[in-house]
Amino acid sequence: MAESGVSEDREPEYRYNAALAQKIENKWQKKWDDEGTFWAANVKGDLKDGKGRNADGRAPYFVIDMFPYPSGKGLHVGHPLGYIATDVVSRYHRMKGENVMHALGYDAFGLPAEQYAVQTGQHPRITTEQNIANMHRQLHRLGLSFDDRRSFATTDMNYVRWTQWIFSRIYDSWYDPEYVRADGGKGSARPVSELIGKFRSGAKQIPGFEGRAWDSLTEEEQSDVLNGFRLAYISKSPVNWCPGLGTVLANEEVTAEGRSERGNYPVFQRELRQWSMRITAYGHRLIEDLDMIDWPEKVRLMQRNWIGESHGASVHFAVPTAAGERDMEIYTTRPDTLFGTTFAVVSPEHPLLADVPDAWEEGIPDAWKGGYATPKEAVHAYRLQAESKTAKDRVAEEGDKTGVFTGLYAVNPITGARLPIFAADYVLMDYGTGAIMAVPGGDDRDYDFAVKFGLPVIYTLQPTPESGETLADYEGKSAYTSHEGTIINSRVESTEVGGDTLDLNGLTVDEGKDRTIAWLESRGVGKGTVSYRLRDWLFSRQRYWGEPFPIVYDENEVPHLVPDSMLPINLPDVPDYQPRTFDPMDAESNPEAPLSRNPEWVNVTLDLGDGPKKYHRDTNTMPNWAGSCWYYMRYIDPKNAENAVDPEEFQYWLGPNHNATAGESGGVDLYVGGVEHAVLHLLYARFWHKVLYDLGFVSSPEPFHKLFNQGYIQAYAYTDSRGQYVPAAEVEEHKDGTFWYDGQQVNREFGKMGKSLKNIITPDYMYDTYGADTFRVYEMSMGPLDESRPWNTRNVVGAQRLLARLWRNVVDENTGEVTVTDDELDEKTAKLLNNTIAEVTVEMENMRPNTTIAKLTVLNNHLTSLAAVPRKAVEPLVLMLSPIAPHICEELWTRLGHEESLAHAPWPVADQRFVGVDTVTAVVQVKGKVRGKLEVTPDISEDELRDKALALPKIQELLGGNEPRKVIVKAPKIVSIVP
RNA sequence: GCCCCAGUGGCGAAAUAGGUAGCCGCAGCGGACUUAAAAUCCGCCUCCGGAAGGAUUACGAGUUCGAGUCUCGUCUGGGGCACCA
């Protein structure tokens with residue numbers, strides 16, 4: 001490099017190499033920081049100052065990334081892909097004159113920080129701060145145009161305070177399904193005080209205390225009743241207990257194999273008292289409102305499937321027991337098959353099993369008894385067996401049906417038939433009602449079970465004649481699970497059970513469903529219902545490094561909300577913040593919250609409005625997702641001490657229709673992140689947002705209007721003959737396509753970048769070797785943003801050549817002088833320039849930086865070929881490339897004589913006089929094959945083009961003197977001839 | 001098992017209201033400049049063929065004057081869900 005060398009072969013002083021790039025980049029990063037170039041302007045308050053550009057009259061544009069978790073490992077080149085993409089978009093929108101909100105915070109609570117802290121022996125807050133500082137350094141060096149005044153971490157006590165405040169609002173709310181919202185929709189979160197009002201006035205029955213006056217209930221009773229309605233509630237219910245991690249987990253954090261997503265430990269179903277959020281209350285709205293947001297169809301589909309709304313009916317079956325008649329409610333999506341049900345199945349945890357008889361009836365087959373002397377023993381043993389299974393075991397045994405007869409019978413409410421009730425673990429307690437009517441003729445699982453236990457099979461649907469199938473194809477072999485067909489065997493006379501005749505024969509499935517539901521409802525034995533696959537969100541964790549709950553318990557264990565004025569509740573210093581973990585297979589272990597280890601913090605005397613009393617704090621912490629549920633709105637005003645978010649600012653930045661594209665949903669204009677959060681963060685955040693919307697704290701129904709999933713940067717890794725990874729950077733490719741390391745041939749694999757794969761490239765390496773701009777151009781040119789692509793350092797030189805060539809087009813490498821001319825553009829250059837402006841604008845609007853770069857490269861290469869580079873062409877080129885390579889473009893812009901940063905310079909507009917082409921190549925096809933080409937004007941008439949095409953000697957020859965049968969002309973591009 | 005997405009040169013990839021397949025870049029080849037190399041600049045670069053020509057967007061059919069693009073089937077890869085009644 002210039003300053004280091006004295007040798008004769010040193011490079012020209014002003015050559016655009018890594019050293020010069022670094023100098024330019026550092027200069028501009030400092031300047032941007034000093035001048036507040038990227039400050040976004042609020043409507044009012046401390047952040048109103050946008051450095052001469054205020055919010056008035058400027059459209060807001062809110063673009064963010066899924067904020068990072070600052071791990072101690074540092075970044076590799078795959079991490080910043082999304083950040084570069086949003087930065088390009090941000091810079092483009094600034095040049096369009098918009099008020100761009102672009103900031104980055106840190107999602108800093110969570111397991112890795114805690115584990116890293118355990119390893120290093122430092123408090124998680126210290127390691128977290130170090131990690132944030134390091135990540136900030138690495139990202140800052142990329143020249144990302146963030147408004148740094150708006151950055152924060154979820155661990156900042158000023159943020160924790162508001163996370164706790166939002167929890168308090170959710171805790172203090174219930175879901176009123178009848179409430180008509182201001183937007184016209186039905187159902188809304190409402191303050192619990194309204195619910196109490198309804199109980200007091202008698203407008204609503206008190207569940208469990210029907211007929212009692214609210215004020216006659218004890219405090220404990222009132223607390224229990226309200227707990228059954230609160231959107232954040234404590235309950236003892238089956239949860240995912242992970243001994244290996246020492247904490248409980250949400251369903252979304254457990255893999256299909258029944259293991260923890262983090263750490264891959266076994267997960268057990270345990271009845272534990274834990275916090276949940278009533279996200280199921282929002283199931284329907286979370287599906288319905290997917291229609292108003294601009295998200296990838298794939299993600300919307302994943303959310304729909306995850307929520308899993310199904311429409312069916314709940315049906316009551318009477319169950320006679322020794323202690324009297326019990327009611328068994330089942331859920332079915334196929335009420336039309338009620339005539340085909342031949343037995344019933346309840347889950348092993350079902351409450352009905354408390355009433356199983358003491359002895360087997362005469363004539364019960366041995367296979368039903370499971371080898372036990374009485375139903376009680378059989379059911380008890382089966383239940384224990386089911387509980388001891390991990391979720392993984394259950395999955396592994398799928399298809400292999402187990403179960404035991406309960407000795408109980410249910411009465412089919414339509415036919416009066418007596419159906420044996422079995423307990424089996426293929427029926428889940430937490431879906432539907434935990435009980436099913438089994439229809440072996442129409443359901444594969446029920447069929448398997450019927451075969452195993454020798455139960456009858458009735459088919460109630462006959463395949464349509466058009467299908468070419470008959471029931472004979474199924475009888476004795478399998479269930480007929482299709483919905484296509486005609487209902488049979490489904491008629492009951494009124495005399496059998498009284499009331500109306502029900503006759504479904506001859507109907508379709510949908511008709512049969514409707515008629516059955518109407519019949520059930522008219523007789524009060526069932527009704528149409530909606531069921532969800534989605535479960536309530538398990539919200540507590542036994543962790544140190546998370547937000548404490550703003551909840552204390554009195555001496556009677558009645559929970560009380562800590563008043564807002566006492567927030568935030570800080571984390572205590574505990575002697576040992578390590579989570580208590582257990583043998584991963586020890587299902588009997590119990591969670592132990594680290595916060596419980598500091599009695600001085602746990603036991604407090606507080607005045608909650610009725611004088612000082614003793615309380616103890618909740619010792620759980622919130623899951624990592626809590627902080628990420630609302631961070632986007634905090635960028636608006638991260639230091640606001642009055643509100644989580646100011647309503648007026650929210651309306652300006654994120655309200656419905658806040659700009660031309662925001663739509664009714666409002667929310668973040670562009671949200672870029674990985675698809676792995678499709679049903680975790682993105683579902684939880686929508687849920688919180690909707691609660692805040694219902695309660696009037698935010699004005700948009702959705703948090704993120706447009707979502708974009710960036711692809712991943714993948715990398716090659718190489719293994720030697722023993723399967724060991726070898727350093728990828730030292731592998732050489734031979735001409736025959738083989739790969740060699742240290743004299744040995746090695747195998748190439750393709751996948752992630754990772755330390756263990758020895759193929760990590762760090763951003764720092766890229767800054768040192770090429771500069772940040774080259775790195776940015778390379779990442780943006782690799783391919784479409786939403787697709788994954790392999791990293792190949794060898795290809796980076798192409799990006800570097802583009803920038804170096806642009807530099808040379810403006811600056812003399814030896815003297816540093818600007819060499820552009822002020823001459824008018826020649827015709828060819830003018831046309832290319834203006835066509836490029838028109839095309840690149842479209843590419844930028846559609847987030848296609850790869851094709852943007854290709855088109856700008858063509859323009860740049862053209863300028864290179866000219867004797868002198870005209871200012872009037874290179875200036876727009878510099879402007880257009882600046883969102884992608886901002887530093888070099890700022891430097892060139894300055895050298896071209898501009899005093900202001902180009903960050904807010906207007907995006908070039910194409911001169912329409914030069915847009916379009918003089919001539920186009922028309923193609924002449926015969927039988928679909930290209931047989932000739934014609935240079936024609938774009939406005940050529942169809943007749944003229946047809947005549948010219950037919951006059952071509954080649955075409956004449958192919959026609960052999962015959963008249964063509966048909967000629968299709970699409971002027972000016974194509975003539976297609978059928979001989 | 002069910003649902004969704006993808007498959008284009010040696011490589012990363014362009015091009016879809018159906019209209020010249022392969023923009024741009026990497027690698028490679030040739031040339032200019034240089035004592036030489038690097039850098040730079042110019043040219044070639046899907047495959048077969050000397051050429052004429054032919055073939056070609058995973059594979060096989062179909063619709064069409066015309067298919068990378070639409071339809072059906074198959075294969076391969078990736079993702080989601082998975083005893084959800």
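First the proteins, then the strands, lettered A, B, ... as listed; each starts at 1. Everything numeric in this text was worked out from a predicted model, so none of it was measured.
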Which listed nucleotide ([options]) is nearest to the side chain of [X]?
| X | options | answer |
| --- | --- | --- |
| Arg15(A) | A39(B), A85(B), A13(B) | A39(B) |
| Arg533(A) | A27(B), A82(B), C65(B) | A82(B) |
| Lys970(A) | G19(B), C83(B), U20(B) | G19(B) |

Using Watson-Crick or G-U wobble geometry with both distances below 3.5 Å, tell me the partner of [N], or none.
| N | value |
| --- | --- |
| C81(B) | G1(B) |
| C41(B) | G31(B) |
| A55(B) | U46(B) |

State whether [X] places a side-chain N or O below 4.0 Å from either non-bridging phosphate oxygen (OP1 or OP2) of [N].
| X | N | result |
| --- | --- | --- |
| Tyr331(A) | A85(B) | no |
| Asn850(A) | A14(B) | yes |
| Arg801(A) | A27(B) | yes |
| Arg808(A) | C41(B) | yes |

Could Glu297(A) and Arg304(A) be called an ion pair, given the rule that one side-chain N must be under 4.0 Å from one carboxylate O?
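Result for this pair is yes, salt bridge flagged.
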Would G49(B) be called syn or anti here, given the cut-off of 90° from 0?
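Anti conformation for G49(B).
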Classify Asp444(A) by what it touches in the nucleic acid, base, sugar-phosphate, or nothing, heavy-atom distance under 4.0 Å.
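Asp444(A): no heavy atom of the nucleic acid under 4.0 Å.
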